[in-house]
Structures are given as C-alpha cells and as structure tokens.
Amino acid sequence: MILLMEADVLNCPSCGGPVELANRFVKMVVCNYCGNALAVDNKKLDPTGKTAALVDYPTRFRTGLTCRLRGQKFEILGRVRLEDEDGYWDEWYIQFDDGSVAWLEEEEGELTLSRKQKLTTEVPDFQKARVGTRVTINNQPFFITERCTARIAGAEGQIFYKVHTNQAVRFLDGNIGGKLAAVEYGEDQIEFTVGEIIPMNEIEITE
C-alpha cells in the first residue's frame, strides 16, 4: 500500500503514475497509465488487479468530460459498465461544482440521474423481495418494479465504491414518492438512491 503523502495526491503502487482523487467519496480508481484498479482505504491505495477495458459504444460522454445540467456544471469522474441477460448499461459517476456527487445511468440512449440517500429503515431481504409488491423504505412505500442480478463488466476513472470485474451486483428498482428509486445490495454495504429521468438535450457538453 502507498501512503497518501499530500492531500488527494497519490501515486499508483503498480506503475508510479500520478493519481489525484477528486473527492472523499472516491473508493476506487483505475490508473490511467497501467489500468490497475486501486482501492482507496484510509488514505492509502491498495492494488486489486487490472479491470477489464471497456469497449467503446456510441455515447456522448467520456471520463474527464465537463458538462452542464440546468445551469449546474459537473465533471464525469468515472464509469462502471454492468451487464445482465438483457444487455448492458453504463453508470457515469459525476461531481457538481458545489461538491455534490451523483450517478448518471445511460441505457439505450436514456439517462437517469440518481443521488444517494441515507437509509433510516431496514430494506427488504433481496431473496424475498417480489416484483409488483410494496415495501416500506425510509417510512415511505417503495413499489418494486424490477429485481435483477447483474455483473460488472469493467470500470474506468474514479468510482464511489469498490468494484471488481465479474463481481455480481443485486438490486431492486422501483418508485418511491413519485420518483425513481433503487436499492443496491453490494458486498460491503447497501445503497439507496432516488433519481429522475433526464432528457438528453438538457445536458450541454462544455468540455
């Protein structure tokens, strides 16, 4: 492991290339020079091995790009690609100028912007959850529309949680309070996000 010598500035323990963390939410970064996935843990970088290179598909976005949404500027920090039996989708990890972070999911040309919310109640057991039923999350009714297990096909840039190629990801999609929501059952923790569909023409690329 490599100790953090200067705030947010590190070096890849595999190749020595510079690694600059965007914010405190970053839990994993893929080195731009050697492609190694590096876990960020207690101001240290821990190599976990190479991640699969992402095959380019038609998209307006890329890691490092700056964009504007409804007057707010944001930067794309990284991307994770997930696959299931029906296809694939990308999750772009973004940071706004005010320091807040979000996920921009892109699937078949449709975008969903989601933000993490703190869980104040328990979530349903994944194995027992059923599509078409209602459960209570954060004291609100959550209607389950999809129950899915996907796998991580690859990643790049800076990510808000630790990922490994071929790692299984389980999640419930649904609606809560009239908004899109999802519960993701990760290896280390459970994430709850609430979001909305974003028309593609509302995002301006500013480079």
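In this structure, N36 CG and S14 OG are separated by 3.5 Å, a value rounded to the nearest 0.5 Å. One finds the CD atom of Q189 at 9.5 Å from the NZ atom of K162 (value rounded to the nearest 0.5 Å). The distance from the CG atom of L10 to the CG atom of L45 is 4.0 Å, given to the nearest 0.5 Å. Atom CD of E91 sits about 5.5 Å away from atom CD of E105, to the nearest 0.5 Å. Separation of atoms OH (Y93) and NZ (K27) is listed at 14.0 Å; rounding is to 0.5 Å. Rounding to the nearest 0.5 Å places CD1 of I205 at 8.5 Å from CZ of R62.
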**Request:** Could you check Q95 against N23 for side chain to side chain donor-acceptor pair (under 3.5 Å), going step by step and ending with a plain yes or no?
**Result:** CA-CA 9 Å; Q95 176 176 263; N23 58 54; 2.4 Å; yes
**Message:** Go through it in stages, so that I can follow the logic: the residues are L69 and E202, the test is side-chain contact (heavy atoms from CB on, under 4.5 Å), and I'd like the CA-CA distance, side-chain angles, deciding distance and then a yes or no.
**Reply:** CA-CA 6 Å; L69 171 64; E202 288 196 9; 4.0 Å; yes
**Item:** Intermediate values then yes/no, salt bridge (Lys or Arg N to Asp or Glu O under 4.0 Å), E184 and R170
**Value:** CA-CA 6 Å; E184 185 172 307; R170 303 176 302 165; over 6 Å; no
**Evaluation steps, side-chain contact (heavy atoms from CB on, under 4.5 Å), between N166 and I152** = CA-CA 5 Å; N166 292 320; I152 292 175; over 6 Å; no
**Request:** Could you please spell out the steps behind the side-chain contact (heavy atoms from CB on, under 4.5 Å) verdict for F143 and I176?
**Result:** CA-CA 7 Å; F143 181 76; I176 191 167; over 6 Å; no
**Chi angles and distances behind the salt bridge (Lys or Arg N to Asp or Glu O under 4.0 Å) call for D90, R81** = CA-CA 4 Å; D90 286 335; R81 177 164 294 160; 2.7 Å; yes
**Request:** For side-chain contact (heavy atoms from CB on, under 4.5 Å), just list the numbers for W103 and L113, CA-CA rounded to whole Å, side-chain angles, deciding distance to a tenth of an Å, and then say yes or no.
**Result:** CA-CA 6 Å; W103 292 255; L113 181 72; over 6 Å; no
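For the pair R147 and F126, the distance from NZ or CZ to the six-membered ring centre is under 6.0 Å and the angle to the ring normal is within 45 degrees.
D98 places none of its side-chain heavy atoms less than 4.5 Å from the side chain of F74. Considering only heavy atoms from C-beta on, I198 stays 4.5 Å or farther from T112 through its side chain. For the pair C12/C34, a side-chain contact is recorded, criterion being any heavy-atom separation below 4.5 Å from C-beta on. In this structure the side chain of L38 reaches within 4.5 angstrom of the side chain of P13, judged on heavy atoms. Using a 4.5 Å heavy-atom threshold, the side chains of F160 and V101 count as touching. Using a 4.5 Å heavy-atom cutoff, the side chains of L180 and N175 are in contact. Residues V40 and L21 are in side-chain contact: their nearest non-hydrogen atoms beyond the backbone lie under 4.5 Å apart.
Distance alone, capped at 3.5 Å, places no donor-acceptor pair between the N32 side chain and the G35 backbone. R79 contributes no side-chain N or O that, together with a main-chain N or O of I76, makes up a donor-acceptor pair within less than 3.5 Å. Of the possible polar contacts, one joining the D125 side chain to the K128 backbone as a donor-acceptor pair under 3.5 Å is found. The closest donor-acceptor contact from the side chain of Q158 to the backbone of E20 lies under 3.5 Å. Side-chain atoms of T145 come within 3.5 Å of backbone atoms of D173 as a donor-acceptor pair (strictly under, hydrogens ignored). No donor-acceptor distance shorter than 3.5 angstrom exists from the side chain of D46 to the backbone of A39, with no hydrogens or angles considered.
Sparse packing is recorded around CD of E85, with 12 or fewer heavy atoms of other residues, nucleotides or ligands lying under 6.0 Å away. Counting heavy-atom neighbours within 6.0 Å of R60 CZ, excluding the residue itself, gives a total above 12. The local environment of CD in E110 is sparse, with at most 12 non-hydrogen atoms from other residues, nucleotides or ligands closer than 6.0 Å.
Each of T193, V194, I137 was scored for a side chain to side chain contact (heavy atoms under 4.5 Å, CB included) with Q117, with one residue passing: V194.
When the side chain to side chain donor-acceptor pair (under 3.5 Å) test is applied to T206, the partners found at least two apart in sequence or on another chain are T66. With sequence neighbours excluded, the residues that form a side chain to side chain donor-acceptor pair (under 3.5 Å) with E106 are T59, W92.
Taking all atoms of both residues into account, the shortest heavy-atom contact from V135 to P124 is CG2-CG, 3.9 Å. The nearest pair of heavy atoms linking M200 to G109 is CE-O, 3.6 Å. Taking both residues in full, the closest heavy atoms of N11 and G16 are given as ND2-O, 3.1 Å, listed atom of the first, atom of the second, then distance. Of all non-hydrogen atoms in F142 and L172, the two that sit nearest each other are CZ-O, 4.1 Å. Listed here is the closest heavy atom pair of A150 and W89: CB-CH2, 3.7 Å. The two residues T165 and A153 come nearest to each other via the heavy atoms CG2-O, 3.9 Å.
Between K116 and E191 there is a salt bridge, since at least one side-chain N of the basic residue sits less than 4.0 Å from a carboxylate O of the acidic one. The residues E196 and R70 are annotated as salt-bridged, a charged nitrogen and a carboxylate oxygen being separated by less than 4.0 angstrom.
Donor-acceptor pairing under 3.5 Å is recorded for the side chains of N138 and T120.
When the side chains of ILVMFWY residues are joined at heavy-atom separations under 4.5 Å, either directly or via intervening members, V19 and V30 end up in two distinct hydrophobic clusters. The same ILVMFWY cluster, assembled from side-chain heavy atoms under 4.5 Å apart, contains both L77 and I159. Under the 4.5 Å side-chain heavy-atom criterion for grouping Ile, Leu, Val, Met, Phe, Trp and Tyr, Y185 is connected to F192 within one hydrophobic cluster. I190 and V169 are not part of a single hydrophobic cluster, where members link through side-chain heavy atoms under 4.5 Å apart. L119 and F171 are members of different hydrophobic clusters when ILVMFWY side chains are connected at heavy-atom separations under 4.5 Å.
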